[in-house]
Structure formats: C-alpha cells, structure tokens
Amino acid sequence: MDFLTLFLMYLCFVLATIVLVCICSGRKQSFLARSVNGAAQVLSFVVPTQLRRMTQKVLHRLFHTRSCLFVVLHIALEAAVYGEYTWEVFDYCWELEFSVHLLLLPYLLLAVNIGFFVLCSRADPGLCNICVHRFDHHCVWVNNCIGAFNTKYFFLYLFTLTAMAANIAIITAAFLIQVVLLSNMMHGSYIDDQGQEHAIEILFLIQHLFLTFPRIVFMLGFVILLTLVLGAYCSFNLYLALTNQTSNEWYKLRRYGCSHHLALQPQDRRVIYKNIYSNGIWMNLKEIFKSPTVLERKKKT
C-alpha cells in the first residue's frame, strides 16, 4: 500500500504542477515567474559564468532547434505502451470476448497518428530557423517548427495522439473492471494484520489489482495522466484555432501586450484586448486548413 500511496501522490503532484504552470504562465510578473527569476539570480552568484552559458546553450539547442532526442523518446514511450497493450491487455480482452473492432481501434489510430506525425515533421513550416510563416512554436516531439504549412497536420497529430491515449485507457480500465466483476471481489472481505475482518475497499482493490497486474495498472495510470495533459493541450490548440491565434501570439499578448491586439474604448478610455484577426469560427478554421498553394500565394502577397 505504501508504493500505491506514493504513486497516487506523485500523480496528484504532477497534475497540480501542470495546472499551476498553466494558470501562472499567462500573468505578467506572476509569482511563478518572479520565483524562477529570483532562483536564477541566486544561482548566478554560485554557478560559474562559463557553466551557465554552456547550460543555456545546451538547453537552447535541445528545446529550440532540431534534435532527435525527443523523437526517440516519443517512439520509445509509444512502443512501451503499445507493447504492453499487445502483450497483455489485448490477449486478456480477447479471452474475455471483447469486441474485436474495439481492440483493433488503437492500432488504427496509431497508423493515422504516424501519418500525421510524418507529415508534420517533414513539412516545411515556412523555412525553419530563418523565417516561419504564421510561426506558432518549435515542437521538440515532431522535431520541427509549427507554422502555416503544417499547423493542420500538427493539430490532427495532437488530436489522434489524445484519442490513442484515451482509447487505450478506456479499454484497459474496462478490462480491470471486468476482472473485478467476474471475480465478485467487491462482495468479499479481507483480514488485516491485526486479524480483523474488513469489507473490500477501493484502495485495497486497487492494491490487489496492482499486485496482480502491475504493468497493466502502471500503464493505465500513465495513459490516464497522458490523456488529461494532451486533452488540455488539445483544447488549448482548438481555442487558438477557433480564435485565429498562434501560441506565440497568445503568450506575447499576455506577457508584453501587442499593439495589433489592443483596442481603446472611447467611453471610459479603458484599454481592452481584442484579436483583430479573428473572422469568425468557420473562417478561422478555413485559415488553418487552407491548401499549401493558397498559403503560398497569400505569403507572397
């Protein structure tokens, strides 16, 4: 039970950290930003200048230029999840007579996701490292900048990746629930270390499932966390698409304020933020999913 408690605390800590970063990232001089800047200033007196510059250079090269490190990590994580799903979950679910279409759906999503991954990573976003048309951000997971020519591929890649994680999580959770129902475990009891009899509780049940199917339960926790994170990021990208913004514009707007987003109300002279490039939901989506030839003509004009 100690390991299970620590694992649940770890998941809660990661989720809380992600929420905190998302909340604080859009605020000017937020508490998080001030804390990071303060820590950096303190470290500047301790860490030698040469080592600091070398670290900054390594981090810049790692997160802002082309590198295969995160692509390899991406492939390794997918291989681990699908390996466990194929080796154990698929086999158990087949014996329990799950629908074959449901069991094969993750492989179909994987094939579609790989297609969009290749298109997104190999497409020219508008001349990476020089000038990117409609620059959004540099994505280390696809090893490419996201711009006008591959934004649609990135969005579809992100959507299918979220669907993959959610689909595997649903199938795995359904399998574990089926195991509990077939074993009639919820109506049983257990005897603790003091010899007292107790009814089966949810924590005891999770512990039992973890001891019985350790790799499956660990994978389920990972894909649930991945689904939540990817789902939130996918929703954020959908919001950007519907409002005709890039993540670069969204970030700069909240950190610095941009003149092309500002509007002045004459009544009370209050400054409000308004995206002047938004042309309605339908037109904004057409802007994202335009063909490369149309985008090329628009770029030249």
Side-chain angles (χ1 to χ4, degrees), residues 4 7-8 11-12 14-15 18 71 73-121 141-142 152-188 199-238 241 285 289:
L4 177 61
F7 181 71
L8 292 175
L11 290 181
C12 294
V14 171
L15 288 175
I18 292 172
V71 176
L73 179 60
H74 179 286
I75 295 173
L77 289 175
E78 280 194 349
V81 170
Y82 270 86
E84 179 60 27
Y85 173 78
T86 304
W87 185 258
E88 288 196 289
V89 178
F90 186 93
D91 191 36
Y92 286 134
C93 291
W94 182 265
E95 293 180 3
L96 292 174
E97 299 182 350
F98 275 54
S99 171
V100 65
H101 299 94
L102 178 65
L103 295 179
L104 293 178
L105 182 58
Y107 299 106
L108 176 61
L109 290 172
L110 177 63
V112 176
N113 180 259
I114 290 175
F116 287 127
F117 171 81
V118 172
L119 289 173
C120 186
S121 61
W141 299 106
V142 299
K152 54 182 177 292
Y153 300 137
F154 176 74
F155 182 77
L156 294 172
Y157 156 77
L158 188 62
F159 177 78
T160 53
L161 191 64
T162 306
M164 284 164 49
N167 188 225
I168 291 179
I170 291 172
I171 295 175
T172 306
F175 158 68
L176 294 176
I177 292 173
Q178 189 77 350
V179 168
V180 171
L181 293 177
L182 290 176
S183 62
N184 204 23
M185 198 180 304
M186 291 299 297
H187 299 287
I200 297 294
E201 301 170 349
I202 186 65
L203 289 179
F204 180 86
L205 184 63
I206 295 175
Q207 180 189 16
H208 177 77
L209 290 174
F210 180 80
L211 293 175
T212 309
F213 310 102
R215 291 186 298 271
I216 293 178
V217 174
F218 188 83
M219 183 196 73
L220 177 61
F222 174 73
V223 292
I224 288 177
L225 178 62
L226 195 62
T227 302
L228 295 175
V229 174
L230 289 175
Y233 188 55
C234 195
S235 300
F236 172 68
N237 276 267
L238 179 60
L285 288 177
F289 289 92

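Computed from a predicted structure; not experimentally measured. FYI, side chains are in, hydrogens and waters are out, and symmetry mates aren't considered; it's all heavy atoms of this structure. In this chain, residues are counted from 1 in sequence order.
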Visitor: How many angstroms lie between OG1 in Thr172 and CG in Leu176, if you round to the nearest 0.5 Å?
Guide: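 Here the interatomic distance stands at 7.0 Å.
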Visitor: Short question: side chain of Thr86, backbone of Gly83 - any donor-acceptor pair under 3.5 Å?
Guide: no
Visitor: Measuring from Leu182:CG to Ile177:CD1, what's the distance to the nearest 0.5 Å?
Guide: 12.0 Å
Visitor: For Ala169 and Leu220, work out which heavy atoms get closest and say how close.
Guide: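 Smallest interatomic distance, heavy atoms only, reads O-CD1, 3.5 Å.
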Visitor: Does Leu209 form a side-chain contact (heavy atoms from CB on, under 4.5 Å) with Val180? I'd like the steps, not just the answer.
Guide: CA-CA 9 Å; Leu209 290 174; Val180 171; 4.0 Å; yes
Visitor: Give the minimum heavy-atom separation between Cys234 and Thr162, together with the two atoms involved.
Guide: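 Taking Cys234 first and Thr162 second, the nearest heavy atoms are CB-OG1, 4.1 Å.
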Visitor: Decide yes or no for Leu238 and Phe159: does some side-chain heavy atom of the first lie under 4.5 Å from some side-chain heavy atom of the second?
Guide: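 No, their side chains stay 4.5 Å or more apart.
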Visitor: With side chains defined as the heavy atoms from C-beta onward, is the minimum distance between Phe116 and Leu119 less than 4.5 Å?
Guide: yes
Visitor: Please step through side-chain contact (heavy atoms from CB on, under 4.5 Å) for the pair Val142 and His74, ending with a clear verdict.
Guide: CA-CA 9 Å; Val142 299; His74 179 286; over 6 Å; no
Visitor: List the atom of Ile168, the atom of Pro106, and the distance in Å for their closest heavy-atom pair.
Guide: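 That would be CG1-CB, 4.0 Å.
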Visitor: Apply the side-chain contact (heavy atoms from CB on, under 4.5 Å) test between Leu104 and each candidate in Val100, Leu102, Leu108; give the one that qualifies.
Guide: Val100
Visitor: Which value, rounded to the nearest 0.5 Å, describes the distance between Asn167 atom CG and Leu103 atom CG?
Guide: 9.5 Å
Visitor: Would you please name every residue forming a ring pair (Phe, Tyr, Trp, His ring centres under 6.0 Å) with Phe213, sequence neighbours left out?
Guide: Tyr92, Phe175
Visitor: When Tyr85 is tested against each of Phe222, Trp94, Tyr107 for ring pair (Phe, Tyr, Trp, His ring centres under 6.0 Å), which residue passes?
Guide: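 With Tyr85 as partner, ring pair (Phe, Tyr, Trp, His ring centres under 6.0 Å) holds for just one option, Tyr107.
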Visitor: Give, for atom CD of Glu78 and atom CG of Leu73, the distance between the pair rounded to the nearest 0.5 Å.
Guide: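 Answer rounded to 0.5 Å: 10.5 Å.
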Visitor: Apply the side-chain contact (heavy atoms from CB on, under 4.5 Å) test between Leu158 and each candidate in Phe236, Tyr233, Tyr153; give the one that qualifies.
Guide: Tyr233
Visitor: With side-chain contact (heavy atoms from CB on, under 4.5 Å) as the criterion, how do Phe218 and Glu84 come out once you've worked through the C-alpha distance, each side chain's angles and the decisive distance to 0.1 Å?
Guide: CA-CA 10 Å; Phe218 188 83; Glu84 179 60 27; over 6 Å; no
Visitor: Are Trp141 and Phe117 side-chain neighbours, meaning at least one heavy-atom pair lies under 4.5 Å?
Guide: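 A side-chain contact under 4.5 Å is absent here.
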Visitor: Kindly compute the distance separating CE (Met219) from CD (Glu88), expressed to the nearest 0.5 Å.
Guide: 8.5 Å
Visitor: Once rounded to the nearest 0.5 Å, what's the spacing between atom CG of Leu110 and atom OG1 of Thr160?
Guide: 9.0 Å
Visitor: Report, as yes or no, whether the 6.0 Å neighbourhood of atom CD on Glu95 holds more than 12 heavy atoms from other residues, nucleotides or ligands.
Guide: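 Yes - once you tally the heavy atoms of other residues, nucleotides and ligands closer than 6.0 Å, there are more than 12.
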Visitor: Aromatic rings Phe154 and Tyr157: how do their planes relate, parallel, tilted or perpendicular, breaks at 30° and 60°?
Guide: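 Aromatic pair Phe154/Tyr157 classed tilted.
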